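Quick caveat, the model's predicted, so the values are computed rather than measured. Values below: all heavy atoms of this structure, side chains included; hydrogens, waters and symmetry mates excluded.
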Amino acid sequence: MTATPPWQPSASLVALQSRARQLAWVRGFFAQRGVMEVETPVLGRCGVTDINIDSIAANPTAVAGGSAKGWLQTSPEYHMKRLLASGTGPVYQISRVFRDGESGRRHNPEFSLLEWYRPGFTDDDLMAEVSDLVCGWLGCRAPGTMSYRDAFLRFAGIDPFLASDRALSARCEQWMEPSQLQTFSRDECLDLLMSFQVEPELAGVGPVFVTGYPESQAALARVSEQGGIRQAHRFELYVQGVELCNGYWELADREEQLRRFTADNQARIRAGKPQMPVDQAFLASLEAGLPDCSGVALGLDRLLMLKLGVDDLAAVIAFPADRA
């Protein structure tokens with residue numbers, strides 16, 4: 001990519017025009033299917049407890065009378081589920097979201113996220129709709145499906161559900177020193193193997209949904225038992241090895257959700273991260289009754305990157321973090 005003066009956008013005019021077409025195409029897609037567009041706060045009273053996501057704090061005096069922190073939202077999920085519980089029916093949103101510490105060719109701390117929820121849909125139903133949207137825009141073939149377990153067995157040579165913690169840690173020693181791995185949790189080892197062994201191989205299998213994640217990696221998804229193994233109803237779509245989306249058949253049980261939030265915060269303490277306030281308004285919406293639904297979040301910047309055949313998000317974002 002040719003260097004440009006820092007006041008200019010890093011994305012070309014062609015990329016900016018393609019982004020405009022993408023937004024119009026997405027809105028047309030959902031209008032045809034009767035899914036309502038909504039807007040929810042970018043600045044909220046709570047962040048997220050997920051140990052793998054760090055929220056960015058903001059402290060405006062307008063939040064809670066100036067007596068508490070506000071947070072730039074990492075996803076519109078909690079607010080959108082509150083809308084669902086109030087009776088909106090199917091909804092989608094194109095939002096700007098923020099995650100601290102994310103930078104690189106496929107990451108920017110501020111990015112565009114498409115998120116939608118479908119009452120009455122299972123995760124399989126939603127995968128079919130994700131396929132229609134993504135393949136309709138990219139012009140690619142429909143994705144296949146591969147379980148998380150099969151992906152690890154095929155590309156990493158290890159069972160992610162049955163392997164011991166020691167066996168997983170030993171597999172990671174080719175990328176990290178044993179002393180560093182002593183503090184790694186089981187999920188951190190799995191994430192390392194996914195990043196270095198599984199994801200690079202997925203680039204060679206064509207568009208593919210990976211399904212059936214460990215329940216510890218899906219804090220907001222339903223869980224069921226298959227073949228004696230508990231698996232979350234979570235899916236991710238990979239196209240050319242690029243992770244595009246993360247979807248769940250949504251958990252609607254308030255008490256189970258609170259238990260998972262508490263476990264998240266305990267894991268954050270062990271990792272030396274600050275505890276996050278639990279979103280009580282979100283929990284109240286679950287108690288009031290979240291409809292049976294599935295939902296998904298899809299990165300629009302990465303989708304545009306694939307459309308234009310570029311390998312760096314800076315080529316499709318007008319002003320990434322280093323120019324913002």
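- Distance check: Glu243 CD to Leu298 CG gives 10.0 Å after rounding to the nearest 0.5 Å.
- In this structure, the separation between CG on Leu190 and CD on Glu188 is 10.5 Å, given to the nearest 0.5 Å.
- Judged purely by atom type and a 3.5 angstrom limit, Ser195 uses its side chain to pair as donor or acceptor with the backbone of Asp191.
- Using a 4.5 Å heavy-atom threshold, the side chains of Val210 and Arg234 count as separate.
- Side-chain N/O atoms of Arg99 and Ser55 include no donor and acceptor closer than 3.5 Å.
- Ring geometry for Phe209 versus Phe235: interplanar angle over 60°, hence perpendicular rather than tilted (30 to 60°).
- With a 4.5 Å cut-off on side-chain heavy atoms, Leu300 and Ile94 count as touching.
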Next item on the list: Decide side-chain hydrogen bond (donor to acceptor under 3.5 Å, both in side chains) for Asn265 and Thr262; before the verdict, give the C-alpha distance in whole Å, the side-chain angles of both, and the deciding distance to 0.1 Å.
Entry: CA-CA 5 Å; Asn265 267 327; Thr262 301; over 6 Å; no
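- Taking the six-membered ring where the residue is Trp, Phe196 and Trp175 present parallel rings, their angle staying beneath 30° rather than reaching 60°.
- A donor and an acceptor atom, one from each side chain of Tyr78 and Gln73, are nowhere located under 3.5 Å apart.
- Between Leu303 and the choices Val26, Leu114, Leu138, the side-chain contact (heavy atoms from CB on, under 4.5 Å) rule is met once, by Leu138.
- Looking at heavy atoms from C-beta onward, Val205 lies in side-chain contact with Phe155 at the 4.5 angstrom threshold.
- In this structure the side chain of Val208 never reaches within 4.5 angstrom of the side chain of Pro143, judged on heavy atoms.
- The pair Glu255-Arg259 does not count as a salt bridge, with every side-chain nitrogen at least 4.0 angstrom from each carboxylate oxygen.
- In this structure, Val130 and Leu133 have side chains that are not in contact, with every pair of non-hydrogen atoms separated by 4.5 Å or more.
- Screening Met276, Glu102, Arg268 against Asp54 for a side-chain contact (heavy atoms from CB on, under 4.5 Å) leaves a single residue, Arg268.
- Between Glu201 and Arg154 there is no salt bridge, since none of the side-chain N atoms of the basic residue sits less than 4.0 Å from a carboxylate O of the acidic one.
- At a threshold of 4.0 Å, the pair Arg260-Asp253 does not count as salt-bridged, since none of the basic side-chain nitrogens sits closer than that to a carboxylate oxygen.
- Within a 6.0 Å radius of CD in Glu39, other residues, nucleotides and ligands contribute 12 heavy atoms or fewer.
- Using a distance-only test at 3.5 Å, with no hydrogens or angles considered, a donor-acceptor pair links the side chain of Ser294 to the main chain of Thr122.
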Checklist line | Stepwise salt bridge (Lys or Arg N to Asp or Glu O under 4.0 Å) check, Glu215 with Arg186 | finding: CA-CA 12 Å; Glu215 62 177 314; Arg186 183 181 184 88; over 6 Å; no
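- Between Ser224 and Arg222 there is no side-chain heavy-atom pair separated by less than 4.5 Å.
- Residues Phe152 and Asp159 form no side-chain contact, since every pair of their non-hydrogen atoms from C-beta on lies 4.5 Å or further apart.
- Considering all non-hydrogen atoms of both residues, Phe161 and Gln231 come closest at CZ-CG, 3.8 Å.
- A salt bridge links Glu173 with Arg166; the closest basic N to acidic carboxylate O contact falls under 4.0 Å.
- Contact of the Glu250 side chain with the Glu77 side chain is registered, since non-hydrogen atoms from C-beta on lie closer than 4.5 Å.
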Next item on the list: For side-chain hydrogen bond (donor to acceptor under 3.5 Å, both in side chains), just list the numbers for Tyr213 and Glu236, CA-CA rounded to whole Å, side-chain angles, deciding distance to a tenth of an Å, and then say yes or no.
Entry: CA-CA 9 Å; Tyr213 284 69; Glu236 291 190 335; 2.9 Å; yes
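- Between Asp132 and Arg33, at least one side-chain nitrogen of the basic residue sits less than 4.0 Å from a carboxylate oxygen of the acidic one, meeting the salt-bridge criterion.
- Atom CZ of Arg106 is separated from atom CZ of Arg302 by 7.0 Å, given to the nearest 0.5 angstrom.
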